[in-house]
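All values derive from a computational prediction rather than experimental measurement. Whatever order the structure lists ligands and atoms in, that order sets their numbers, starting from 1.
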Amino acid sequence: MQVNGTAYRSIWLEDEGRSARIIDQTLLPFQFQTTRLTRAGDAVAAIADMVVRGAPLIGATAACGMLLAVNEDTADQHLRSAANALLAARPTAVNLRWALERMLPALLNVPAAERFDTARRLAQQICDEDVANNNAIGDHGLQILQQMAARFEPDRPLNVLTHCNAGWLATVDWGTALAPIFKAHNAGTAIHVWVDETRPRNQGASLTAWELNAHGVPHTVIADNAGGHLMQHGQVDLCIVGSDRTTRCGDVCNKIGTYLKALAADDNEVPFYAALPSSTIDWTLCEGVSEIPIEERAAEEVTHITGSDADNRSVRVRVTPQGSPAANPAFDVTPRRFISGIITERGVCAASEAALLALYPEQVEH
Ligand code: MRU
């Protein structure tokens, strides 16, 4: 995607694979700044501190982190401990495990002298595949948006609600939930996006709004609690969200608050889609509510809020009384019964084990 006229991915290799560069997402929307990763530990910190975030990008960063680990030391023990540290950085997004399961065995299976080239090739492949998969998700989702838009007068914008940030910043490029929206806008379909602010870290208000603004897509930021009201009043035609982990039975884990939007959508007969690449599907799990580990993040993310002052300097202020404890579960699970369809790189299917396996028959043995 373009930033000030330059095409960017959210992560890329530099110095022939001796380093990787990322966009510092903690500074957006106020500053656009890139950061260099040179050690595996830099990748661990970038993931844990949410300098990079979003399940597909977390997976790509872990793959690049393994390349940086090989650059430090090719020994088996070093690679295993780098993989363990990366895996522990964030627990919910399954793309992290998926990327490490591709990288580590491939590296251990080749002689030390070949490990750097193998890691560089695989890390680049994981990044490129993510771009291709999200592009395909965009094409499949576009058909849904255009079919729905065809029911209305051409000038009447299709109103789509999204939660958190599932745009290009959450992936290597294109995004998951936002890919069909970018494509619809590019194709001239009138579209307007309701952007949930997404407390506590405000990925909607700061990142989704920044992406849509940069791309010229009409949008309105709303408080997290506004979606149900808008749905009751016919102002939302459909919802599209991303996912951090989707079970083989179709339960969708995503940013905290997604479940409440799905409940409101169900009550108001608003279609509710999840868009995700197959790297986000955990084929080992079925019942998301009981089986998916939910990350509990620092209470300070709830008790404090970050914004910018008149001079564009970042300011962090407390919004709760001193002494009030806060809880911060970062994700929730939307049961499959509330999901109208899952948009993958191979097409759109029902949120069910049978439908997902029909798209991915090679996963039947799990
Ligand atoms: O905590 P984050 O910002 O890494 O969480 C990301 C999300 O939950 C997004 O909603 C997204 O849909 C999943 S990644 C495309």
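Compare V252, N254, I256 by their heavy atoms: the one nearest to atom 11 (C) of ligand 1 is in N254. In this structure, of R245, Q203, K255, R297, the residue bringing a heavy atom nearest to atom 3 (O) of ligand 1 is Q203.
Annotation: atom 6 (C) of ligand 1 to nearest protein heavy atom, D244 OD2, 3.4 Å. Protein heavy atom nearest atom 14 (S) of ligand 1, with residue, atom name and distance: A55 N, 3.1 Å. In terms of protein heavy-atom proximity, atom 15 (C) of ligand 1 is nearest to T176 OG1, 3.5 Å.
Of all atoms in ligand 1, numbered sequentially from 1 with element shown, those under 4.0 Å from a heavy atom of S243 are 12 (O), 13 (C), 14 (S). Atoms of ligand 1 found under 4.0 Å from any heavy atom of R90 (numbered from 1 in listed order, with element): 1 (O), 2 (P), 4 (O). Within ligand 1, the atoms closer than 4.0 Å to a non-hydrogen atom of C164 are 6 (C), 7 (C), 8 (O), 9 (C), 10 (O), numbered from 1 in the order shown. Near N165, meaning under 4.0 Å from one of its heavy atoms, ligand 1 places the atoms 9 (C), 11 (C).
Note that CG of N109 is 8.5 Å distant from CZ of R115, once rounded to the nearest 0.5 Å. Atoms NE2 and CG, from H185 and L158 in turn, are 14.0 Å apart once rounded to the nearest 0.5 Å.
A330 does not count as a contact of ligand 1, since none of its heavy atoms falls under 4.0 Å from the ligand. Under the 4.0 angstrom criterion for non-hydrogen atoms, R201 is not in contact with ligand 1. Under a 4.0 Å heavy-atom criterion, E295 is not in contact with ligand 1.
Side-chain contact between T306 and F30: absent, with no pair of heavy atoms (C-beta onward) separated by less than 4.5 Å.
Across the pair C64 and C127, the gap between the SG atoms, which is the quantity tested here, reaches or exceeds 2.5 Å.
Relative to the ring axis of F272, K261 does not place its NZ or CZ within 45° and under 6.0 Å from the centre. Both the sub-6.0 Å distance and the 45° axial angle are satisfied by R18 relative to the ring of F116.
Under the 4.0 Å criterion applied to side-chain N and carboxylate O atoms, R245 and D282 are assigned as salt-bridge partners.
Under the side-chain contact (heavy atoms from CB on, under 4.5 Å) criterion, F32 pairs with V3, Y8, I23, L28, T34, W210, not counting sequence neighbours.
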